[in-house]
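Reviewing the structure listed below.
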Amino acid sequence: GLVLVSDRIELELAPAGGVRHLSQLVRALVATPTTSPSTKLSIGLARVRRTARRAMLVVVSDFITEEPSFTWRRAARRHDTIALRVVDPRDNELPTAGLLSLEDVERGTRRIVDSSSRRLRKSYAGAAAARTRSFERWCANSGIQAFTMMTDIDPIVPLIELFSRRATRRGAR
């Protein structure tokens with residue numbers, strides 16, 4: 001199944017099987033516009049908690065916004081939950097490119113920064129490292145498996161690695 005979330009449920013497709021359903025899921029992921037720039041993933045979790053069946057939840061996000069641990073902990077007790085964090089390399093390291101105009105899409109604000117400043121790049125990298133540590137701590141506190149996927153590589157290889165490791169831990173082949 002699929003639940004697309006901003007600060008509200010944008011689209012929900014019930015779980016099903018088959019190639020046709022898989023095609024419908026992929027189409028929804030690619031073509032569904034969001035109506036809000038804000039993010040509140042716990043709204044999607046509230047929806048999933050109402051399902052009677054146990055499931056594997058794979059939550060794909062940049063996980064930049066703060067999420068309440070207790071909500072996720074409750075979901076992780078019932079469902080096998082993976083937080084798949086998508087990270088662009090520029091989220092970790094600011095390129096040396098002179099003046100850059102940056103936009104915070106969720107807040108709707110713009111800011112001009114001088115990326116040639118060594119101090120700014122160091123501060124930016126430090127903030128990125130702090131976000132990573134915070135994400136990993138949050139996942140551990142919530143009982144969720146953390147996984148980070150970079151946008152500059154083909155996603156198939158890391159996903160195969162993720163699910164292979166999980167299968168190995170469970171004794172499957």
Side-chain angles (χ1 to χ4, degrees), residues 2-13 24-48 57-73 75-76 81-163 165:
L2 175 69
V3 179
L4 293 179
V5 178
S6 57
D7 60 352
R8 59 180 144 276
I9 304 253
E10 299 283 348
L11 176 74
E12 183 174 5
L13 297 173
Q24 189 178 17
L25 291 175
V26 171
R27 197 173 326 114
L29 283 168
V30 172
T32 304
T34 57
T35 56
S36 173
S38 298
T39 304
K40 192 169 183 182
L41 296 174
S42 55
I43 289 185
L45 276 187
R47 187 80 173 122
V48 171
L57 303 179
V58 180
V59 182
V60 181
S61 174
D62 58 13
F63 288 96
I64 289 176
T65 58
E66 291 288 319
E67 290 288 330
S69 291
F70 69 90
T71 306
W72 290 80
R73 201 174 307 115
T81 308
I82 302 168
L84 200 157
R85 180 176 175 236
V86 180
V87 178
D88 186 282
R90 291 169 293 200
D91 291 339
N92 291 334
E93 189 174 321
L94 195 61
T96 307
L99 293 177
L100 297 174
S101 176
L102 304 176
E103 180 180 6
D104 182 332
V105 177
E106 292 202 15
R107 291 189 186 110
T109 59
R110 283 190 166 283
R111 184 173 171 185
I112 302 220
V113 298
D114 183 2
S115 67
S116 61
S117 165
R118 190 174 298 148
R119 192 173 80 203
L120 176 69
R121 286 194 318 276
K122 184 177 179 180
S123 173
Y124 188 89
R131 279 193 305 274
T132 297
R133 287 189 303 274
S134 176
F135 168 72
E136 290 168 353
R137 227 179 5 259
W138 174 80
C139 285
N141 290 339
S142 301
I144 296 170
Q145 181 181 358
F147 189 79
T148 298
M149 191 164 60
M150 302 302 290
T151 60
D152 61 343
I153 60 172
D154 182 357
I156 296 302
V157 174
L159 289 174
I160 289 172
E161 176 189 318
L162 167 68
F163 290 108
R165 276 190 308 196

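- I82 places a side-chain heavy atom less than 4.5 Å from the side chain of L162.
- Proximity of N92 to Y124: side-chain heavy atoms (C-beta onward) are nowhere separated by under 4.5 Å.
- Checking D88 against T151 by side-chain atom types alone, a donor-acceptor pair falls below 3.5 Å.
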- request: Give the intermediate values and the outcome of side-chain hydrogen bond (donor to acceptor under 3.5 Å, both in side chains) for residues T81 and Q145.
  value: CA-CA 7 Å; T81 308; Q145 181 181 358; over 6 Å; no
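- Counting heavy atoms from C-beta on, the side chains of V87 and M149 never come closer than 4.5 Å.
- In plain terms, the two heavy atoms of F135 and A146 that are nearest each other are CE2-CB, 3.7 Å.
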field: From CA spacing to verdict: side-chain hydrogen bond (donor to acceptor under 3.5 Å, both in side chains), R85, T132
entry: CA-CA 10 Å; R85 180 176 175 236; T132 297; 3.2 Å; yes
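- Side-chain atoms of L2 and E12, non-hydrogen and from C-beta on, never get closer than 4.5 Å to each other.
- L41 places a side-chain heavy atom less than 4.5 Å from the side chain of S61.
- Annotation: side chain of V58 is in contact with side chain of L84 (closest heavy-atom distance under 4.5 Å).
- Annotation for L94 and R121: closest pair O-CD, 3.2 Å, computed over non-hydrogen atoms.
- The 12-atom threshold is not exceeded at CZ of R90, counting heavy atoms of other residues, nucleotides or ligands nearer than 6.0 Å.
- Using a 4.5 Å cut-off on side-chain heavy atoms (C-beta onward), R137 and R133 make contact.
- The distance from the CZ atom of R165 to the CD1 atom of I160 is 13.0 Å, given to the nearest 0.5 Å.
- Distance CG/L120 to CG/L100: 9.0 Å, rounded to 0.5 Å.
- Residue-environment remark: CD (E93) stays at or below the threshold of 12 foreign heavy atoms within 6.0 Å.
- Taking the six-membered ring for Trp and thresholds of 30 and 60 degrees, W72 and F63 have ring planes more than 60 degrees apart, a perpendicular arrangement.
- In terms of heavy-atom proximity, K40 sits nearest to V5 at O-CG1, 3.4 Å.
- Remark: the S101 side chain and the R110 side chain contain an N/O donor-acceptor pair separated by less than 3.5 Å.
- Residues S142 and A76 come closest through the heavy atom pair O-CB, 3.5 Å.
- Put simply, the side chain of L13 reaches to within 4.5 Å of the side chain of L25, judged on heavy atoms.
- Between the E103 side chain and the R111 main chain, no donor and acceptor come within less than 3.5 Å of each other.
- Of all the heavy atoms in I43 and D7, the pair that sits closest is CD1-O, 2.9 Å.
- Of the possible donor and acceptor atoms, one in the side chain of S115 sits under 3.5 Å from a partner among the backbone N and O of P95.
- In this structure, S123 contributes its side chain and R119 its backbone to no donor-acceptor pair below 3.5 Å.
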